[in-house]
Participant: 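Mind looking over this structure? Questions follow.
Numbers here are sequence positions counted from 1.
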Amino acid sequence: MTKIAGLASNRGRNLLHIDERAPGGAELAVVLSNEEGAPILDAASERGIPTEVVARDDGESRESHEKRILDRLSAYDFDLVCLDGYMRVLTEEFIDNAPTTLNVHPSLLPSFPGMDAHEQVLEAGVRTTGCTVHVVTEEVDGGPIVTQEAVPVYQDDDEASLKERVLREGEFVAYPRAVRWFAEGRADVTDEGVVVEGDDGGDFPERRVVSNDRASELRYGENPHQDAAVYADDACEEASVVRAEQLNEGAKALSYNNYNDADGALNLIKEFDDPAAAVIKHTNPAGCATADTLAEAYDRALSTDPMSAFGGIVALNRECGAETAEQIVDSFKEVVVAPGYTDAALDVLTEKKNLRVLDVGELGERTDRLTEKPLVGGRLVQERDLWAPTEEDVDVVTETEPTEEQLETMLFAWKVLKHVKSNGILFASGTETVGVGMGQVSRVDAVRLAAMKAEEHAEGKDAEGAVMASDAFFPFPDGIEEAAEAGVEAVIQPGGSVNDEDVIDACDERGIAMVFTGRRCFRHD
């Protein structure tokens with residue numbers, strides 16, 4: 001375990017933050033101040049951290065003072081020294097006789113070194129500042145840089161507001177990171193600088209710096225009592241609802257939920273090369289279909305669950321023409337998203353005062369490789385799920401083999417299922433959805449929900465002869481039994497359950513064809 005000797009002259013908030021975070025298991029062995037009554041002393045004592053005070057005597061040389069500090073520290077076992085607002089420049093005496101010593105400076109060195117960094121930043125008029133953790137040398141603020149963290153400067157900042165934000169958004173992030181690297185034995189001070197093992201980029205780098213500009217403030221968040229805004233990533237080359245042009249002037253702006261649902265709808269129809277349409281409600285597909293024409297695809301998507309589609313989001317992967325537009329406005333929708341509209345289609349769509357019409361431009365390739373979910377205190381980052389099986393990827397595991405038509409439906413169903421919240425079950429026929437069971441905590445309940453939707457909500461179609469797709473394996477045969485009762489005749493699922501043989505037997509007993517993909521497609525948000 002790495003032990004730290006902390007030196008501070010005042011409050012030592014970085015040292016206390018490091019004590020709370022214990023990065024890499026590091027802990028404060030002692031806190032020493034050169035000022036009697038420094039607030040850090042009481043704060044450290046309350047936490048059970050030993051404290052020392054070594055004030056500099058009148059007329060005492062810096063070297064003599066530092067010898068006394070080193071003598072006092074010699075009673076403690078420590079591997080690293082961390083300065084925090086220590087208002088003395090260390091001399092060769094200390095640097096040569098102490099372990100690696102780190103300090104944090106409130107600017108992005110080499111810019112704005114020395115005292116009054118925040119004042120220098122504001123006077124210079126820069127729009128980005130931050131902090132720098134560096135190894136202490138005899139050159140003031142000139143030692144090898146360990147890590148930095150950027151912080152924006154806002155128009156109405158003064159020294160006090162900037163200082164507080166740099167502390168909390170910069171120093172509280174960068175200093176623990178640097179300590180963790182040393183505690184884990186990954187940081188090495190060399191003649192060339194500080195080398196950190198594993199700090200070499202890639203999809204999941206040691207540090208992520210994300211800078212987005214606010215595109216607009218929203219009317220409210222998920223609920224009216226929540227404030228919200230949307231931020232844009234100008235580096236994104238992929239078609240996106242964030243930068244989409246809203247074509248019907250005078251309609252109300254998109255809400256938080258509109259953006260979320262429209263993004264989900266757009267991502268779904270990007271799965272398909274053939275003309276495709278999807279209706280999304282609360283980020284789940286109410287229906288999706290591909291067909292020879294866009295109008296036909298929309299009609300088939302809507303007929304899956306027209307009741308749930310009320311107030312939904314429509315996404316199309318082709319230019320919207322008048323025929324499709326007439327179908328869309330036949331019932332209440334919130335937003336329509338497409339890569340373009342004919343003039344005739346716009347004449348129809350813009351008659352609806354509050355139907356937001358978004359033009360995302362050419363769909364092109366899906367270029368964003370990562371997706372993320374914010375958490376309180378951090379964020380999850382993962383590869384985007386762009387995989388979908390081909391006929392060569394599936395493994396037939398039942399006595400009954402799927403027909404070519406069933407295989408085509410299986411592959412279609414999987415692409416839609418990827419966008420259904422887990423536990424997710426989808427019934428499909430041809431290249432259109434029949435029933436969707438989403439967001440259930442039991443897989444068999446998801447099957448029952450999909451069957452109910454197909455039986456009670458679908459118009460002009462049902463589950464008889466349908467294909468069932470499951471986003472994860474069936475733990476028991478009961479899901480197959482429920483599906484068979486609804487009329488399902490083929491199944492695509494990942495496989496991998498300890499009860500796979502029982503599930504396969506349940507299919508064989510009923511003449512159901514089943515294939516395994518070997519991959520699941522959970523979607524939890």
Side-chain angles (χ1 to χ4, degrees), residues 4 6-21 23 26 28 31 33 35 38-40 43 80-90 101-137 139-182 187 194 196 199 205-214 229 231 374 376-379:
I4 299 169
L7 274 62
S9 299
N10 193 11
R11 298 170 65 183
R13 289 197 285 177
N14 274 302
L15 293 180
L16 297 176
H17 184 70
I18 287 170
D19 176 63
E20 291 169 358
R21 290 290 180 262
L28 285 169
V31 168
S33 181
E35 297 288 343
I40 182 64
L80 190 67
V81 178
C82 290
L83 308 186
D84 182 14
Y86 187 70
M87 305 305 291
R88 288 290 183 269
V89 177
L90 296 177
T101 300
L102 303 180
N103 189 28
V104 61
H105 181 78
S107 77
L108 297 174
L109 294 174
S111 297
F112 313 116
M115 302 290 290
D116 303 320
H118 302 306
E119 181 181 355
Q120 294 180 59
V121 166
L122 293 172
E123 287 180 354
V126 298
R127 285 289 165 257
T128 302
T129 184
C131 71
T132 303
V133 181
H134 63 93
V135 176
V136 176
T137 64
E139 181 184 358
V140 177
D141 298 331
I145 291 174
V146 181
T147 189
Q148 295 181 305
E149 192 72 18
V151 174
V153 181
Y154 299 134
Q155 193 70 44
D156 61 351
D157 267 327
D158 56 22
E159 287 183 52
S161 64
L162 187 58
K163 177 180 180 180
E164 188 67 16
R165 197 166 61 258
V166 168
L167 173 71
R168 296 193 176 278
E169 298 179 14
E171 296 172 30
F172 278 7
V173 174
Y175 217 162
R177 177 195 301 143
V179 170
R180 174 169 56 84
W181 286 346
F182 278 94
V194 177
V196 180
D199 185 29
E206 184 69 31
R207 295 158 292 159
R208 296 184 72 245
V209 179
V210 178
S211 179
N212 298 152
D213 293 328
R214 189 180 66 202
Y231 286 79
V376 175
R379 61 188 58 238

Participant: How close do T132 and L109 get, counting heavy atoms only, and between which atoms?
Facilitator: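 Nearest pair, atom of T132 first, then L109: OG1-N, 2.9 Å.
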Participant: Check whether N212 reaches the backbone of Y231 with its side chain - one donor and one acceptor, N or O, closer than 3.5 Å.
Facilitator: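 No; zero donor-acceptor contacts below 3.5 Å.
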Participant: Which heavy atom of G114 sits nearest a heavy atom of D141, and at what distance?
Facilitator: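 Scanning both residues, the minimum pair turns out to be N-OD2, 2.7 Å.
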Participant: Restricting to non-hydrogen atoms, name the atom on E171 and the atom on P106 that form the minimum distance, rounded to 0.1 Å.
Facilitator: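 For E171 and P106, the tightest heavy-atom pair comes out as OE2-CB, 3.7 Å.
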Participant: Answer whether the closest heavy-atom distance between the side chains of R379 and R208 falls below 4.5 Å.
Facilitator: yes
Participant: What salt bridge (charged side-chain N to carboxylate O under 4.0 Å, His left out) pairs are there with at least one residue in residues 151-161, not counting sequence neighbours?
Facilitator: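 As it turns out, the salt bridge (charged side-chain N to carboxylate O under 4.0 Å, His left out) pairs with a partner in residues 151-161, which skip direct neighbours, are D157-R165.
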Participant: What's the spacing between S107 OG and Q148 CD if we round to 0.5 Å?
Facilitator: 8.0 Å
Participant: CD/E169 to CD/E164 distance, rounded to the nearest 0.5 angstrom?
Facilitator: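 Between atom CD of E169 and atom CD of E164 there are 10.0 Å.
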Participant: What pair of heavy atoms forms the shortest contact from L16 to R11, and how long is it?
Facilitator: CD1-O, 4.0 Å
Participant: What is the minimum heavy-atom distance between L102 and V135, and which atoms define it?
Facilitator: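 Taking every non-hydrogen atom into account, CD2-CG2, 4.0 Å.
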Participant: Do H105 side-chain atoms and F112 backbone N/O form a donor-acceptor pair below 3.5 Å?
Facilitator: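 Flag set: sc H105 to bb F112 pair under 3.5 Å.
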Participant: Side-chain contact, heavy-atom cut-off 4.5 Å: P176 with H17?
Facilitator: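 The answer is yes; the side chains approach within 4.5 Å.
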Participant: Taking C-beta and beyond as the side chain, do T137 and P144 meet within less than 4.5 Å on heavy atoms?
Facilitator: yes
Participant: Check side chain to side chain donor-acceptor pair (under 3.5 Å) between D116 and all other residues, then give those that pass, not counting sequence neighbours.
Facilitator: none
Participant: Roughly how far apart are R13 CZ and I40 CD1, rounded to 0.5 Å?
Facilitator: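 Interatomic distance, R13 CZ to I40 CD1, rounded to 0.5 Å: 11.0 Å.
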Participant: Does anything in residues 143-155 pair up under salt bridge (charged side-chain N to carboxylate O under 4.0 Å, His left out), and if so which pairs, sequence neighbours excluded?
Facilitator: E149-R177
Participant: Say you draw a straight line from CG of N103 to CG of D84; how long is it, rounded to the nearest 0.5 Å?
Facilitator: 8.0 Å
Participant: So which heavy atom on S9 is nearest to which on A38, and how close?
Facilitator: O-CB, 3.6 Å
Participant: Can you check side chain to side chain contact (heavy atoms under 4.5 Å, CB included) on R127 and Q155, steps first, answer last?
Facilitator: CA-CA 8 Å; R127 285 289 165 257; Q155 193 70 44; 3.2 Å; yes
Participant: So how far is it from L15 CG to L83 CG, rounded to the nearest 0.5 Å?
Facilitator: 8.5 Å
Participant: Using the side chain to side chain contact (heavy atoms under 4.5 Å, CB included) rule, take V146 and F182 through it: C-alpha gap first, then chi angles, then the decisive distance, then the call.
Facilitator: CA-CA 10 Å; V146 181; F182 278 94; 4.1 Å; yes
Participant: Rounded at 0.5 Å granularity, tell me how far CG in L108 sits from SG in C131.
Facilitator: 7.5 Å
Participant: Between R207 and D199 (salt bridge meaning N to carboxylate O under 4.0 Å), is one present in this structure?
Facilitator: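 The answer is yes: the pair qualifies as a salt bridge.
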